[in-house]
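Numbered from 1 within each chain, the chains take letters A, B, ... in sequence-line order. No hydrogens, no waters, no symmetry mates; every other heavy atom, side chains included, goes into these values.
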2 protein chains.
Amino acid sequence: MSTAQETAGGEIEPWEEVTPDAARRLLVAAVEAFAERGYHATTTRDIASRAGMSPAALYIHYKTKEELLHRISRIGHDRALDILRTAASGEGSPTQRLAEAVSSFVRWHAGRRTTARVVQYELEALGPDARAEILALRRQVDAEVRGVIEEGVASGEFDVLDVQGTTLAVLSLCIDVARWFNVDGPRTPDEVGALYADLVLRMVGAAK
Amino acid sequence: MSTAQETAGGEIEPWEEVTPDAARRLLVAAVEAFAERGYHATTTRDIASRAGMSPAALYIHYKTKEELLHRISRIGHDRALDILRTAASGEGSPTQRLAEAVSSFVRWHAGRRTTARVVQYELEALGPDARAEILALRRQVDAEVRGVIEEGVASGEFDVLDVQGTTLAVLSLCIDVARWFNVDGPRTPDEVGALYADLVLRMVGAAK
DNA sequence: GCTGAAGGTGAGCGCTCGCTTAGAGTGCCA
DNA sequence: TGGCACTCTAAGCGAGCGCTCACCTTCAGC
């Protein structure tokens, strides 16, 4: 049995590590509000009322509004890094692992779009210390993707002129999904993941 | 002689259409502030003081803070669309025109990063009417890129399974440049433009 | 020299923000 | 049953927000 709860849709709810229950409800409410309006446009009163609590209740579980963002960003980056690591260190050729990394990373950005939006676009609202901690995680994200591409180049499967530039472009493509993906749109997260994996394999010159 | 002024760096300053001078200074100050901190985290006092004026002066030239964002977004989208139209309707094969479209669009996002950030990421701060107007421009942006890809498919130069999905991915790649590009980083806008044009041609299966 | 339009300022209004405080309700254990 | 720890609320503080208003300066036209 998984340690993570699953929703009706079969998607993993990644906030089970946040306790007690009231703290988790506040955090989930904050993710939704930050994703919809952005950190600065969200009020603590809005977060509390979404969680069905009074404004003061927020400060029992979190010192400041920024701490809420920090917790969300930290957990979200951990999850994103975990997804990439699992794919990058799995079995199979660099081609297969890059395809799996891109498709699972994209699925996460599309399927958990609200979280991904906060994680990818609200970084600058963090203070210097928290931002530095998160930036370290992002360098690890970059390193995972770059590693797979380097292996593919070394094995001769890939044909890449600028490894770091291509790494950046691959991540760029995946991350931007959080900006445009629409749950009510014509594509499922799985479909976008498959399409983007194909496009990325083309970008690195992998044989089909 | 061009109707646009040029800076010392040779880059076109696109705000010459904004008059009088004080209104332009306020608008340029707002672009910088919105790009740095986001629309909601920027105060009208900050904008005015960057322009060397008192807080009240802003309201002589603009009805509200949101009108400033609207003007910036409108002019920026017009410029972005103009860049794409010029490239897409130019001479040469679909391959050449797609490469030119991507490289010039990316150059704009990198070289005029502050404007591009506001244009691409502060859309949701606009009210319903203004947002609808801007969304119409974005559909035209999409149509320009899709048009070139469709021509390449029709001529047999491109090998694309999902034209609309690939169009979205191409635009996605270009737009995300505004998020990560760093003026002090190792790459010039020209270099990123050339790299991304190459990557996009690979994505559409164009012969090298 | 006078006038009106245009562009500017200092002061501050009404409001909402993030956050605090005093105290009430609830359940656990001696 | 009493007391304590924990959780939550009602009320509201000080600060800073977008924006306004009364007034000042500059300058072209007569």
- Ionic contact status for Glu17(B) with Arg79(B), cut-off 4.0 Å: no

- Query: Is it true that Arg24(A) and Asp21(A) have a side-chain N and a carboxylate O under 4.0 angstrom from each other?
  - Reply: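 Counted as a salt bridge, because a side-chain N and a carboxylate O are separated by less than 4.0 Å.
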
- Looking only at side chains, do Gln140(A) and Arg85(A) share a donor and an acceptor under 3.5 Å apart? yes

- Query: When every nucleotide of nucleotides 11-28 of chain D is labelled 5' to 3' by its protein contacts under 4.0 Å (heavy atoms), B for base, S for sugar-phosphate only, - for none, what sequence of letters results?
  - Reply: -B----BBBBB-------

Using whole Å, report how far [atom1] of [X] lies from [atom2] of [N].
{"X": "Ile47(A)", "N": "dC17(C)", "atom1": "CD1", "atom2": "P", "value": "11 Å"}
{"X": "Tyr62(B)", "N": "dG8(C)", "atom1": "OH", "atom2": "P", "value": "11 Å"}
{"X": "Glu67(A)", "N": "dG18(C)", "atom1": "CD", "atom2": "C1'", "value": "14 Å"}

- Task: Would you please classify the geometry between the Phe105(A) ring and the Trp108(A) ring as parallel, tilted or perpendicular, with 30° and 60° separating the classes?
- Result: parallel

- Message: Nearest to the side chain of Met53(A), heavy atoms from C-beta on, is which of dG7(C), dT9(C), dT9(D)?
- Response: dT9(D)

- Query: Think His61(B) has a side-chain N or O under 4.0 angstrom from the OP1 or OP2 of dG8(C)?
  - Reply: yes

- Message: If we ignore hydrogens and angles and just use 3.5 Å, is the side chain of Arg113(A) paired with the main-chain N or O of Arg179(A) as donor and acceptor?
- Response: yes

- Given the options Arg146(B), Arg139(B), Arg138(B), Asp142(B) meets salt bridge (Lys or Arg N to Asp or Glu O under 4.0 Å) only with Arg146(B)

